[in-house]
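Excluded from the calculations below are hydrogen atoms, water molecules and symmetry mates; all remaining heavy atoms, backbone and side chain alike, are included. Every chain is numbered from 1, with letters handed out A, B, ... down the list of sequences.
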Amino acid sequence: GAVVSQHPSRVICKSGTSVKIECRSLDFQATTMFWYRQFPKQSLMLMATSNEGSKATYEQGVEKDKFLINHASLTLSTLTVTSAHPEDSSFYICSARARGQGFPEAFFGQGTRLTVV
Amino acid sequence: AQKITQTQPGMFVQEKEAVTLDCTYDTSDPSYGLFWYKQPSSGEMIFLIYQGSYDQQNATEGRYSLNFQKARKSANLVISASQLGDSAMYFCAMREQNYGQNFVFGPGTRLSVLP
């Protein structure tokens, strides 16, 4: 299957600082990338959908000014958690769908465990 | 209303036995896809198997098979010959043609394989 690389895998930051998480499709072009948040022992909750070259579409209840998403190229999307607070501590995971046919599934990055202290 | 229901929060199976993880879904879209993903403790989501709504035959991938019963709106995952490495969270997901590209995930089932 196709490979999606997410970096960093773990990050600890201080309250009030910003953290950037990168999601790269390594061997395919991803026209659409998704960002999810997962609380412990819970399912994945879609935060936003980003399409290359256009603004991200955020799910209801997700603050777009707090979770900045940029999909600058067909292989890279970034999520920036701005002015992070302890309640933003969570597991964030991206996924990407390949352009064209043959890949109905989405491919996921390894996830980023964010801890805000 | 929940679009994906997984009624088994936790399941145990003996090594080498088969296990079925339940998934029911709700959609009015005639075109949709159903997926199963495995999430080990490390966190990554591993794609296991896919079933399209128009597929006539049940999907199979190695030890994984999907028992697709369209009229009942169920898409159960069957794992044959369980291995210790199968212990993980398993998520059923759906993507609907008319509702964009995003996936909706069920709450998950934690599978524990006993030696």
Side-chain angles (χ1 to χ4, degrees), chain A residues 1-11 21 23 30-52 54 56-60 62 71 77 90-114, chain B residues 2-10 21 23 25 29 31-55 59 61-62 64 66 68 75 77 88-97 99-112:
Chain A
V3 177
V4 174
S5 176
Q6 186 173 341
H7 178 80
S9 57
R10 289 180 181 272
V11 59
I21 302 169
C23 180
T31 50
T32 306
M33 286 188 173
F34 308 93
W35 287 95
Y36 296 86
R37 183 172 181 175
Q38 187 179 27
F39 291 104
K41 300 187 189 305
Q42 294 190 22
S43 188
L44 281 69
M45 286 175 31
L46 181 67
M47 298 173 66
T49 302
S50 74
N51 294 294
E52 185 264 338
S54 63
T57 303
Y58 290 81
E59 294 299 298
Q60 194 171 12
V62 178
H71 194 158
S77 177
S90 192
F91 188 69
Y92 295 87
I93 190 164
C94 69
S95 75
R97 290 203 64 228
R99 177 199 286 264
Q101 301 297 318
F103 293 96
E105 70 269 32
F107 300 98
F108 284 81
Q110 302 92 323
T112 297
R113 194 163 303 282
L114 171 64
Chain B
Q2 291 283 345
K3 287 209 167 189
I4 300 285
T5 303
Q6 294 178 253
T7 57
Q8 308 151 313
L21 306 184
C23 172
Y25 60 93
D29 195 331
S31 179
Y32 54 90
L34 297 158
F35 305 78
W36 278 91
Y37 283 86
K38 171 184 178 181
Q39 187 180 42
S41 56
S42 52
E44 76 265 33
M45 295 288 282
I46 302 167
F47 166 72
L48 297 178
I49 197 165
Y50 161 78
Q51 179 86 44
S53 59
Y54 295 117
D55 293 343
E61 288 285 349
Y64 305 108
L66 199 152
F68 181 45
L77 176 71
M89 280 291 289
Y90 288 80
F91 292 99
C92 179
M94 176 173 65
R95 179 166 54 83
E96 298 163 283
Q97 180 78 14
Y99 289 91
Q101 303 289 328
N102 58 290
F103 287 66
V104 176
F105 286 86
T109 295
R110 179 165 296 283
L111 177 66
S112 299

Exercise. Ignoring hydrogens and angles, state whether a donor on the side chain of Q39(B) or Q38(A) is under 3.5 Å from an acceptor on the partner side chain.
Key: yes
Quiz item: What about Y36(A) and F103(B), are their ring centers closer than 6.0 Å?
Solution: no
Exercise. Report the residues that fulfil side chain to side chain contact (heavy atoms under 4.5 Å, CB included) with S43(A), sequence neighbours left out, ordered by chain and then residue number.
Key: F91(B), F105(B)
Practice problem: Side chain from CB out, backbone as N, CA, C, O: work out which of these in L46(A) comes under 4.5 Å of a heavy atom of chain B, or both, or neither. | Solution: side chain
Quiz item: Who are the side chain to side chain contact (heavy atoms under 4.5 Å, CB included) partners of S5(A), not counting sequence neighbours?
Solution: L26(A), Q110(A)
Quiz item: Can you find a pair of side-chain heavy atoms, one from E44(B) and one from I93(A), that are under 4.5 Å apart?
Solution: no
Exercise. Using the ring pair (Phe, Tyr, Trp, His ring centres under 6.0 Å) rule, take F108(A) and Y37(B) through it: C-alpha gap first, then chi angles, then the decisive distance, then the call.
Key: CA-CA 10 Å; F108(A) 284 81; Y37(B) 283 86; 5.1 Å; yes
